[in-house]
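Below is one structure, written out as structure tokens, with a few remarks after it.
Because only heavy atoms are used, hydrogens play no part in the values below, and waters and symmetry mates are left out as well, while side chains stay in. We number each residue from 1, following the sequence as shown.
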Amino acid sequence: MKFTSKEEDGVFFLSLNGNLIGEEAGSGILEAANHAINNKTTLCLIDIENVKYINSSGIGVLITLLTKFRNQEGEVVIVKPSEHVNKLLIITKLTAIFKISDSVEEALKELKS
């Protein structure tokens with residue numbers, strides 16, 4: 001799992017690539033998110049277009065991110081889940097708590113509204 005992150009215009013952009021499994025990748029992702037929150041960034045956009053598989057630890061990372069940002073009166077939007085990941089989000093009923101967008105532009109509109 002590789003990820004890139006940046007903070008821009010009050011939004012924490014997180015782009016994930018690979019399989020979101022295990023605690024190893026999760027700790028780096030959460031550390032980057034904590035840094036953004038410490039900088040008063042409360043909106044988070046997670047691009048998971050290039051994530052093909054997520055296990056329970058990966059779901060835990062997503063839920064932790066959601067909790068961290070919502071605790072700061074913020075919001076998280078997941079962008080472009082693959083078909084497999086989207087099915088997993090539906091089966092686990094995470095579509096009820098996460099906002100999901102088909103594009104970065106759509107997600108930014110959702111976050112800024």
| message | Donor-acceptor pair, distance only, cut-off 3.5 Å: does the side chain of S57 make one with the backbone of I21? | response | no
| field | With T41 via side-chain hydrogen bond (donor to acceptor under 3.5 Å, both in side chains) - residues at least two apart | value | E7
| query | Any side-chain heavy atom of D9 within less than 4.5 Å of one from L108? | reply | no
| request: Quick one: pull up NZ in K52 and CG in N17 and give me the separation to the nearest 0.5 Å. | output: 8.5 Å
| said: Is there a continuous path of hydrophobic side-chain contacts, each under 4.5 Å between heavy atoms, that joins L16 to L45? | reply: no
| request: Could you tell me which residues satisfy side chain to side chain contact (heavy atoms under 4.5 Å, CB included) with K109, sequence neighbours excluded, listed by chain and number? | output: none
| Between atom CD1 of I63 and atom OG1 of T92, what is the distance when rounded to the nearest 0.5 Å? | 7.5 Å
| Can you check whether K112 reaches V11 side chain to side chain, under 4.5 Å on heavy atoms? | yes
| task | Write down the atom of V104, the atom of V79, and the distance for their closest heavy-atom approach. | result | N-CG1, 3.7 Å
| query | Is it true that atom NE2 of H84 has more than 12 heavy atoms of other residues, nucleotides or ligands lying nearer than 6.0 Å? | reply | yes
| field | Approximate separation, where rounding is to 0.5 Å, of N86 CG and K80 NZ | value | 14.0 Å
| query | So which heavy atom on G26 is nearest to which on V61, and how close? | reply | CA-CG2, 3.6 Å
| remark: R70 and I97 have their tightest heavy-atom pair at NH2-O, 2.8 Å
| request: Identify the heavy atoms of T42 and F69 that sit nearest to each other, and give their distance. | output: O-CD2, 3.4 Å
| note | Note: S101 and V77 closest approach over all heavy atoms is OG-CG1, 3.4 Å
| query | Which pair of non-hydrogen atoms, one from I100 and one from E106, has the smallest distance, and what is that distance? | reply | O-OE2, 4.4 Å
| query | Quick one: do L30 and L43 end up in the same hydrophobic cluster if we chain Ile, Leu, Val, Met, Phe, Trp and Tyr together by side-chain heavy atoms under 4.5 Å apart? | reply | no
| Would a 4.5 Å heavy-atom cut-off, applied to side chains only, mark F13 and D47 as touching? | no
| What's the spacing between I59 CD1 and T64 OG1 if we round to 0.5 Å? | 11.5 Å
| query | Are any non-hydrogen side-chain atoms of I54 and L62 less than 4.5 angstrom apart? | reply | yes
| Side-chain touch K6/L14, heavy atoms, less than 4.5 angstrom | no
| Straight-line distance of T4 OG1 to I29 CD1, nearest 0.5 Å | 10.0 Å
| Hey, any chance V85 and L20 share a hydrophobic cluster, counting ILVMFWY side chains that come within less than 4.5 Å of each other, even indirectly? | yes
| task | Assess whether atom NZ of K87 is packed by more than 12 heavy atoms of other residues, nucleotides or ligands within 6.0 Å. | result | no
| message | Rounded to the nearest 0.5 Å, what separates atom NZ in K99 from atom SG in C44? | response | 13.0 Å
